[in-house]
There are 2 protein chains.
Amino acid sequence: MYTPYTMSTRGRLSRERILEDALRIVDSEGLQGLTIRRLAQELDVTPMAVYRHFKNKTDILDGLIELVIAEGQATEHDTEGWQAWIEVTFLRMRASLLQHPGVLPLLGSSASYGLQSLRITERLLGKLRGAGLGADAVARGLHLLVSYTLGAVAIEVAAREQQQSAEAGTQQEWQRQLRQRFESADIAEFPNLVALAPKLSRFVEEAEFGLGVRQIIRSLTPEA
Amino acid sequence: MYTPYTMSTRGRLSRERILEDALRIVDSEGLQGLTIRRLAQELDVTPMAVYRHFKNKTDILDGLIELVIAEGQATEHDTEGWQAWIEVTFLRMRASLLQHPGVLPLLGSSASYGLQSLRITERLLGKLRGAGLGADAVARGLHLLVSYTLGAVAIEVAAREQQQSAEAGTQQEWQRQLRQRFESADIAEFPNLVALAPKLSRFVEEAEFGLGVRQIIRSLTPEA
DNA sequence: ACCTGAACACCGTTCAAGT
DNA sequence: ACCTGAACACCGTTCAAGT
């Protein structure tokens, strides 16, 4: 029997395909653009079809985080030297999160204990222990690096959004607007912010993030 | 003319009173519990009355962040010594965010350029410059400390939620469940995670957070 | 100036039914 | 087994009206 509908180019539904479409929607329209109904429309299907593969919307959101983390392949490289390896790994982590800024708010909620996250953590712990660090230094080192990366990306995304909504195309224009805001404030006095604004606004660049990671790595090994 | 309704014990509407009620709802029911309709009900008012004071829901959410930051009074202390002062400031920041975990997802979105945030930043910059650090060290130091704090709190909140939803009352019970999950995983091999689990799960405590902050502070001053 | 009421265009999710 | 259709109890927000 020939059934043209089930043979359509879009193929059949699956967790994978649903998550891919969901991520595309989040990338182009933000997290709030992702609704079950909108997603179903993208999949050429009724909203309820999605519930055959995910138990609810939270389930989809948890899957999205895992997808982004897996896609990033943060630990899939063989950089020489454990310190350089760690640095590259976190640079990749940052890059993959920045590619999907919409999922960031999800990290602060409840997931990140998925299989993909655990795998990356396992590999990082292995590298740090292999470098000869003690158990305490390893644990604190991981915590410092992961926390710094999550926070830095969150700040970077927020800064980019501000910059966009302020219609400040260039960095110079954005700095000019920031300075203006500082100076016209109620208290009218943010001398340090004004003086350091150029340095502070540099932290939306990969190079500066890398310096931060390196500084943390350096602080893990008592020089001797 | 006596008009009992406007003299009610709840008083009149204002931005302040709306934000206070909104924060109470977020604290007790989470961010998704905060709806305009629910908020209006709490205020004994029609949903539309809220729109007289806030242009939309985003406006309310931005206000919430500022309220939490202001309430925290992170810089309102006079601890002796710049390093101790910085440490206390970030410990306070962590504490106030943990008191209102519901607002955390908002930090990763778009605000944090409000007046309260800028004031805290200004004071931190002043302290760091006063300690004799160069402009680059000050900028990177602030970035490291703020990023670390945001990330660490996000992880801490996620961990607490996981712990709660797993109905793991005690730390021991939680560790037992985690270990079980590692060992029953598909790949079945997370040796480092299993070995270090006790150390890793300690990072939901103030003392460990403080150690992280101190390590960053130490890395700012080239020992000499 | 400040609040109300009714309406519009959406949500996530349940349930019973189709093939 | 997998998908549909209709319905339920909600959303944020606009608009015109009341006092």
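By convention in this document, chain letters (A, B, ...) are assigned in the order of the sequence lines, proteins followed by strands, and residues within each chain are numbered from 1. On a predicted model such as this, the values are computed, not experimentally measured, just so you know.
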Select from A:Thr46 and B:Arg38 the residue whose nearest nucleotide in DNA chain D is closer to the 5' end of that strand. A:Thr46
Applying side chain to side chain contact (heavy atoms under 4.5 Å, CB included) to B:Gln73 and not counting sequence neighbours gives B:Glu76, B:Arg92
Tell me, please, which residues at least two apart from B:Leu67 pass side chain to side chain contact (heavy atoms under 4.5 Å, CB included). B:Leu19, B:Leu23, B:Glu71
Secondary-structure stems, DNA chain D, at least 3 Watson-Crick or G-U base pairs under 3.5 Å: C:4-8 with D:12-16, C:12-16 with D:4-8
Not counting sequence neighbours, which residues clear side chain to side chain donor-acceptor pair (under 3.5 Å) with A:Thr89? List them please. A:His77
I'd like to know if the side chain of B:Glu87 reaches the main chain of B:Val213, judged simply by a donor and an acceptor atom lying under 3.5 Å from each other, with no hydrogens or angles considered. no
Going by ring pair (Phe, Tyr, Trp, His ring centres under 6.0 Å), name the residues that satisfy it together with B:His100, two or more places apart in sequence or in a different chain. none
Taking side chain to side chain donor-acceptor pair (under 3.5 Å) as the definition, give me every residue that meets it alongside A:Arg94, ordered by chain and number, with sequence neighbours left out. A:Glu156
Excluding sequence neighbours, so at least two apart, what forms side chain to side chain donor-acceptor pair (under 3.5 Å) with A:Arg38? A:Glu29, A:Glu42
What residues form a side chain to side chain donor-acceptor pair (under 3.5 Å) with B:Gln215, not counting sequence neighbours? A:Arg140, A:Ser219
Residues in ring pair (Phe, Tyr, Trp, His ring centres under 6.0 Å) contact with A:Phe90, at least two apart in sequence or another chain: none
Scan residues 144-166 of chain B for pairs that pass ring-ring contact (aromatic ring centres under 6.0 Å, His included), counting only residues two or more places apart or in two chains. A:His143-B:Tyr148, B:Tyr148-B:Phe209
Note: chain B reaches DNA chain C at heavy-atom distances under 4.0 Å over the stretch, first to last nt, 5' to 3', of C:dC2 to C:dA7
Using a strict heavy-atom distance below 4.0 Å, which residues from residues 47-57 of chain B are in contact with DNA chain C? B:Met48, B:Ala49, B:Arg52, B:His53
